[in-house]
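Scroll down for the structure; my scribbles are underneath it.
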Amino acid sequence: MFTLLIVDDDERARAFLQGVFESAHHQVKAAADAPTALRMLHREPCDLILLDIELPGVDGLALCRLLRAQEATRRLPIIIISAHDDEEQKVDAFAAGADDFIVKPATRRELLSRVSTQIEAAQRERALVGSNRELGFLADLGRGLLVALEPLQVVRRVAGATYEATNAVLCAAMLETGKVNDEERADERDAAVATQLSADAVGCVFDREGSAEGAALIDAVKMKRWLASAPATSVRLEDSEEFFLRDEAHCIEYVAPLRFEGRALGALIAAFDRAQDCGETESRLIDAAAQQGALAAHISSLYEATRASSASLAKEVERHTAEAEAQRRFTEAIIDTLPVSLYAVDRSYRIVAWNRNRELGGQGIPRGHALGRNVFDVLTRQPRETLEREFSRAFKTGQIERLEQESVAADGTSKHWLVSKVPMRVEGDAVSHVITVGEDITTRVEANRAVARTEKLAAVGRLAAGVVHEINNPLATIAACAEALETRVAEGAFGQSTEVDDLRQYLSLIHSEAFRCKTITNGLLDFSRNRAGQHTPVELSEVVKAAAHLLRHQKRSRNVEITVHASPDVAPVSGDAGQLQQAVIILAENAIDAMPQGGTLLLRVQNEGASVRVEVCDTGVGIPQENLARIFDPFFTTKEVGQGTGLGLAVCYGIVTEHGGRVAVDSVVGRGTIFVLTLPSMSEE
Ligand code: ADP
Ligand code: MG
């Protein structure tokens, strides 16, 4: 059954046509002129118009053109009826947009067949246009959803496309997303599109102005309740009480669930102001959009899950990396803090560790220069064969090896090292690395030497004291006897013979030799004496000046120029002035002895930190390297028999160490020697 509109000014003709079509069960309306027809059309649409060509006022052709120009009636089938079978008129009618032309009087059969042909054609065209539009819409939406990976993008596209394709005044879509991390989403949530419906849903509404609004218009609670009921089909709501969109004006809501695998993931809602705007075509479009949306929502949830898990994976990896890095830095700090120099090589002699202390000092090499390189290319100062032998022994035996080494810096100071080769096994039994640890044991070695020397001196001292005691008495007796005999000779007790001259000569020899012995035994006595004498404040400048004064009056210093440099503010030291003077004189006499051809002796006194430094400098022969270690030994002398006892420096050393001081020597053969005494200055109180 169709609705037909008959427009004819002739009443009889109208009645005839009406009768024909009503008998075929069509609904028929009739109008006598164009304005009436337009009014009726506006009120209610019809399926076809039968239009008389001759009408009062606006004629049939003009009305036809008018209908074709209006959107609502553009495709309405129009049949022109005319009393004349006029070719001209026919051409005009088709030009005005008519679909068919009937000449009066027409038979009932002709009328019915022509009308139904036109209506069917129009229906076919409408269906074609509709499905074309639908196809286009779905293709566009599908393309759009392909790149919509996030739930929010999905709802925006689905709602937006539906809004465009239908005459809906409002279009909304929402999706339940499960848990949503607010922090991560903050950037995606701009003010214009407040999308967070609740903690676990996003939504988007296109409003009457066509702009994407926040999801606030959606009644989230009602919506969730509906989704929870697992709706299987779409609903068309006409009761505003049931509406999901909070909008005062619309009168129809079409709501389609986004269903995937039996579950409603969300919904697509379209609102219309007029019931006829939401027809079959619209419903089909909305349903199709909802289907596509559901698929995209499912994919998006998979994407979200992947993203979340990969994000947590990335975080985990990051945390592990940070922990490992912190651990590495900590270990490195330990190695760097150790008071030893340390490096490690692998089996191919590549340097894999190099600590901070190994970078310092005269033999130091920067880490960047060493790491990753072959050890033999880096430690070029050591002979390659020796190094290689040491390493390969450690790799082979797996035993720790220690050896002491001495290094001499450019400034002549020497250092003692305890070098350990420590084999390391990272995995398995084979030695994979060898760590070389160098420990500076200079202080320990020197302290040991000092102790040994002091012990030796003490032993010699004890021996000397005993010997001196045993020898001095017989010596005194010998000297006294010689003296007595000399007196006798002088008194003429042995006459005047030539033998008496011999006697006198021998006696004087005995006498002088006995006294020479006495000098030696006195020296030994000096050496062995318990020196814990009275300690008083001593001005070392005065001591040194007095010593210089004494020396200048000695015959052997006649070729030597003696100078004293004493700074004015030298701090006092606590000690025995006589002993300290003796120590200075010992050094100065040695210096003079070292300058048989003459030279300069410089005595210098100055503060050095919390100590006072006394230098005895000469321009003499110097001390060869091999003697340096022995000059402080008792009885070590390079001087001829009768010239030196070898006790001077031993005594000097004893005096200075007992004052808590140190003796150091620096000498260049052929150039001269500097002896340095360092004595702690007296504290303020
Ligand atoms: P002595 O002077 O009786 O030989 P010392 O103990 O005073 O004994 O000195 C030991 C040795 O040290 C000397 O024989 C000499 O070889 C060396 N010596 C000490 N002072 C100097 C110096 N200023 N220049 C060169 N050699 C020195
Ligand atoms: Mg890291």
Side-chain angles (χ1 to χ4, degrees), residues 412 449-450 452-454 456-461 463-464 467-468 515-529 531 544 547-548 550-552 554-565 579-604 613-658 661-678:
R449 285 197 184 159
R453 187 178 292 145
T454 316
K456 192 151 73 181
L457 291 181
V460 172
L463 176 73
V467 170
V468 167
F515 273 92
R516 201 161 73 83
C517 286
K518 194 135 170 68
T519 330
I520 295 173
T521 53
N522 280 348
L524 279 171
L525 257 192
D526 272 350
F527 177 72
S528 62
R529 217 174 353 239
R531 289 192 197 81
V544 168
L550 285 176
L551 289 161
R552 281 195 192 100
Q554 284 189 7
K555 197 168 78 211
R556 58 173 166 180
S557 64
R558 63 185 181 279
N559 290 330
V560 175
E561 195 191 320
I562 300 174
T563 337
V564 176
H565 280 182
Q579 286 180 13
L580 289 172
Q581 191 180 63
Q582 192 188 356
V584 173
I585 286 175
I586 287 168
L587 296 178
E589 283 183 338
N590 280 343
I592 291 165
D593 288 346
M595 299 183 285
Q597 313 300 326
T600 316
L601 168 62
L602 170 63
L603 301 168
R604 204 204 300 263
R613 175 184 171 101
V614 178
E615 284 174 22
V616 180
C617 320
D618 67 53
T619 55
V621 293
I623 305 167
Q625 181 74 31
E626 65 268 23
N627 287 352
L628 271 176
R630 303 165 63 199
I631 52 174
F632 292 98
D633 288 352
F635 303 116
F636 175 82
T637 179
T638 57
K639 293 168 192 168
E640 283 178 18
V641 180
Q643 298 291 308
T645 58
L647 287 170
L649 285 180
V651 170
C652 172
Y653 184 89
I655 292 172
V656 173
T657 46
E658 259 158 47
R662 278 177 291 120
V663 190
V665 58
D666 188 11
S667 182
V668 179
V669 174
R671 297 268 296 279
T673 307
I674 302 177
F675 276 88
V676 181
L677 307 183
T678 320

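Both counts, for ligands and for their atoms, begin at 1 and track the order of listing. In what follows, every heavy atom counts, from backbone to side chain, and hydrogens, waters and symmetry copies are set aside. Residue numbers run from 1 in the order of the sequence given.
At a heavy-atom cutoff of 4.0 Å, ligand 1 is contacted by the side chain of I623 but not by its backbone. When heavy-atom distances to ligand 1 are checked against a 4.0 Å cut-off, T673 comes that close only through its side chain, counted from C-beta outward. At a heavy-atom cutoff of 4.0 Å, ligand 1 is contacted by the side chain of F675 but not by its backbone.
With sequence neighbours excluded, the residues satisfying salt bridge (Lys or Arg N to Asp or Glu O under 4.0 Å) with R516 are E513. Scored by the ring pair (Phe, Tyr, Trp, His ring centres under 6.0 Å) test, F636 finds no partners at all (sequence neighbours excluded).
In terms of N/O distances under 3.5 Å, ligand 1 is approached by L649. Looking at T645 next to ligand 1, an N or O pair under 3.5 Å apart turns up.
Ranking protein heavy atoms by distance to atom 4 (O) of ligand 1, first place goes to T637 OG1, 2.6 Å. Given atom 24 (N) of ligand 1, the protein heavy atom at minimum distance is A594 CB, 3.2 Å. Closest protein heavy atom to atom 8 (O) of ligand 1: G646 CA, 3.2 Å. For atom 11 (C) of ligand 1, the closest heavy atom belonging to the protein is F636 O, 4.0 Å. Shortest contact from atom 20 (N) of ligand 1 to any protein heavy atom: N590 CB, 3.1 Å. Protein heavy atom in closest approach to atom 17 (C) of ligand 1: I631 CG2, 4.0 Å. In terms of protein heavy atoms, atom 2 (O) of ligand 1 is closest to K639 NZ, 2.6 Å.
Atoms CD and CD1, from Q581 and I586 in turn, are 11.0 Å apart once rounded to the nearest 0.5 Å. For the atom pair CD1 (I592) and CD1 (I562), the distance works out to 4.5 Å, reported to the nearest 0.5 Å. Between atom CG of residue L677 and atom OG1 of residue T657 there is a gap of 11.0 Å, rounded to the nearest 0.5 Å. Put simply, CD1 on I631 and CG on N590 are 8.5 Å apart, with the number rounded to the nearest 0.5 Å.
The G622 neighbourhood of ligand 1 comprises atoms 25 (C), with distances under 4.0 Å to a heavy atom of that residue. In summary, the atoms of ligand 1 found under 4.0 Å from a heavy atom of G644, numbered by their order in the structure, are 3 (O). The atoms of ligand 1 that sit less than 4.0 Å from any heavy atom of G648 are 5 (P), 6 (O), 7 (O).
No more than 12 heavy atoms of other residues, nucleotides or ligands sit less than 6.0 Å from atom CD of Q597. In the displayed structure, R630 atom CZ is contacted under 6.0 Å by at most 12 heavy atoms of other residues, nucleotides or ligands. Applying the 6.0 Å contact sphere to CD of Q625 captures no more than 12 heavy atoms from other residues, nucleotides or ligands.
Between I655 and Q579 the shortest heavy-atom distance is CD1-O, 3.4 Å. Closest of all the heavy-atom pairs between L649 and F632 is O-CD2, 3.8 Å.
Distances from ligand 1 to the non-hydrogen atoms of A591 include at least one value under 4.0 Å.
With V621, T619, D618, T638 as candidates, the residue nearest to atom 13 (C) of ligand 1 on a non-hydrogen basis is T638.
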